[in-house]
Amino acid sequence: MPELPEVETMRRGILHLVGSRIADAEFPRGPKRPISTTPAPARIAATIRGGQLTAVERYGKRLALEIELPAGQRWLVIEPRMTGLMLVTPPPTVDHARLVMRLQRAGKRSPQPLVFWDQRGLGTVRLVNAGGLDRACGPSVLGPDGLVVTGDDLQRSLADSRRAIKVALLDQHAVAGIGNIYAAEILHRVGIDPRTVCRRLPRRVWEQLARVTRTLLTEAVRLEGSSIGDELYQTPTSRLGQFQRRHRVYGRAGKPCRTCETPIRRIIQAQRSTFFCPQCQSLSARVGT
DNA sequence: CGTTCAACCTGGGCGC
DNA sequence: TGCGCCCAGGTTGAAC
C-alpha cells in the first residue's frame, strides 16, 4: 500500500509530535506473529523510552523517527510495506497494533498515542545509529526521491537498462518512492507502454518521465495518497486519501480508458499487475507520429 | 545482467 | 456454510 505519497502523508501527520518525549513504548504481544524488528522488540522499546523525538524524515517509502537519547542520536526506521500505517487516532483493529508509543508534549497534560498499525505484518521496524540509517536509507540503497528526481537522474540510472520501463520504475535504487500504483499512473500520463525496454526509449522521454513523476507524486501528496479497494490505507488522523479519484489505469482492467475509452488491460510484469491503455500507451503514441 | 519464484503475512472476494 | 483459489499498495534472497 504505502508508496511515497502515503508515507509522506504519514510523516506530515505526525510532524506535530516533534519535540515530544517518549513516555512509553511497547510492542503489544498478541496471538499473531510479531513483525520483524532489529534489535528485538523489547530491546527497542526499552531503549527509546524516555528519549525525545527530534525529527521525522521520509526516505522513499520509509519513515525515520529521529530520537535523542543519552547515548546519542538514534533513528527508528519504519517500513510500512503493504499494510503499515502510522496513526494518532484509534487504529482499525486492536490486534494489529504493532508498536504503541505514548508521546508527552511539553505543556500538555496527557501523552498522545502514536501507533504503528499493520494488518499483514510485513512491515519492519529498526532502531539504528547514524551508520545504520545510512545503510537503511542512504544513497547506496535509495536513489533520488521521487518528488525531486530529474531527467538526468533517470537517464543516468536507466537509459542503458534492458529491463521493461515499468519494472525499472519500481527499482528503488533508480528512484525512491514509486510503487505499483504510481508506476502505472505515471506511464499512462507520459504515454509509454509499460513493456518498453528502457534502452529503446528516446532520450527526451527521461525528462518527461521525471517531470510527470514529480508532478503526479506532488499532486498525490496534496490529496493525501490513494485509498483503494478495502480502503485499508488512511492518514494518521483516519482520513481516507483522495488521489484514487484521479487514477486513470490502476485497478481499472476492462474499464474504458478515461482518455480514449479503450478497455484498460492488465498484464503481469515481475509477478505484479500492470495496468495500461493499449491505445494511449502504444508504440505510435510514444514515438509521437 | 536480468528474470522467476518463493517467502514473509492477513483478509476479502469469488466460484462451486 | 465451507473450501479452495486468487488477489492485494513491498522487499529480499536464491536459483537459473
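Below, chains carry the letters A, B, ... as their sequence lines are ordered, and counting in each starts from 1. When reading the values below, keep in mind they use all heavy atoms of this one structure, side chains included, and skip hydrogens, waters and symmetry mates.
- The distance from atom CG of A:D118 to atom P of C:dT11 is 13 Å, rounded to the nearest whole Å.
- For A:S161 and A:D230, each mapped to the nucleotide of DNA chain B holding its nearest heavy atom, the one lying further toward the 5' end belongs to A:S161.
- Across all strands shown, A:T124 has no heavy atoms under 4.0 Å from either base or sugar-phosphate atoms.
- Closest contact between the side chain of A:Y250 and the listed nucleotides C:dA8, B:dC9, C:dT11 involves C:dA8.
- Residues A:Y59 and A:L53 do not share a hydrophobic cluster, defined by chaining ILVMFWY side chains whose heavy atoms lie under 4.5 Å apart.
- Look at the P atom in both C:dC3 and B:dC9: the space between them is 23 Å, to the nearest Å.
- The hydrophobic cluster containing A:V167 does not contain A:Y250, counting ILVMFWY residues as joined when their side-chain heavy atoms lie under 4.5 angstrom apart, directly or transitively.
- Of the P atoms belonging to B:dG11 and C:dT11, the separation is 22 Å, rounded to the nearest Å.
- Taking the six-membered ring for Trp, A:Y182 and A:F243 have ring centres closer than 6.0 Å.
- Hydrophobic clustering (ILVMFWY, side-chain heavy atoms < 4.5 Å, transitive): A:M10 and A:V100 are in one cluster.
- In this structure, A:R81 places its CZ atom 6 Å from C1' of C:dG10, rounding to the nearest Å.
- The CD-P distance, from A:Q234 to C:dG9, rounds to 19 Å in whole Å.
- Nearest nucleotide to the A:H96 side chain, out of C:dT12, B:dG11, C:dG9: B:dG11.
- Both A:V249 and A:L223 are part of a single hydrophobic cluster, where members link through side-chain heavy atoms under 4.5 Å apart.
- A straight line from NZ of A:K166 to P of B:dG2 spans 17 Å, rounded to a whole angstrom.
- Looking at the side chain of A:R62, the nearest of the listed nucleotides B:dC5, C:dT11, C:dG9 is C:dT11.
- Among the heavy atoms of the strands lying under 4.0 Å from A:G179 are primed sugar atoms or P, OP1, OP2 only; no base atom is included.
- The phosphate of B:dG11 (OP1 or OP2) has no side-chain N or O of A:Q119 nearer than 4.0 angstrom.
- Not a single donor-acceptor contact under 3.5 angstrom links the side-chain atoms of A:R272 to the base of C:dA8.
- At whole-Å resolution of the value, CG in A:L85 and P in B:dT10 are 17 Å apart.
- When the nucleotides B:dT4, B:dG2, C:dG10 are ranked by their closest atom to the side chain of A:Q271, B:dT4 comes out on top.
- Closest to the A:S273 side chain, of the nucleotides C:dA8, B:dG11, C:dG9, is C:dA8.
- Across the protein-nucleic acid pair, A:R33 atom CZ and B:dA7 atom P stand 15 Å apart, rounded to whole Å.
- Taking the P atom of each, C:dC6 and B:dA6 are spaced 12 Å apart, rounded to whole Å.
- The interatomic distance linking A:I268 (CD1) with C:dC6 (P) rounds to 12 Å, in whole Å.
- Using N1 to N3 plus N6-O4 or O6-N4 for Watson-Crick, or N1-O2 and O6-N3 for G-U wobble, each under 3.5 Å, C:dC7 pairs with B:dG11.
- When distances are taken from the side chain of A:N180 to each of B:dT4, C:dG9, B:dC8, the shortest belongs to C:dG9.
- Each of A:P34 and A:Q269 was matched to the nucleotide of DNA chain B holding its nearest heavy atom; the match closer to the 5' end belongs to A:Q269.
- Atom CZ of A:R120 and atom C1' of B:dG12 are 11 Å apart (whole Å).
- With rounding to the nearest 0.5 angstrom, the CD atom of A:E261 is 10.0 Å from the SG atom of A:C277.
- Within the 4.0 angstrom heavy-atom criterion, only backbone atoms of the sugar-phosphate kind lie near A:R266; the bases stay farther away.
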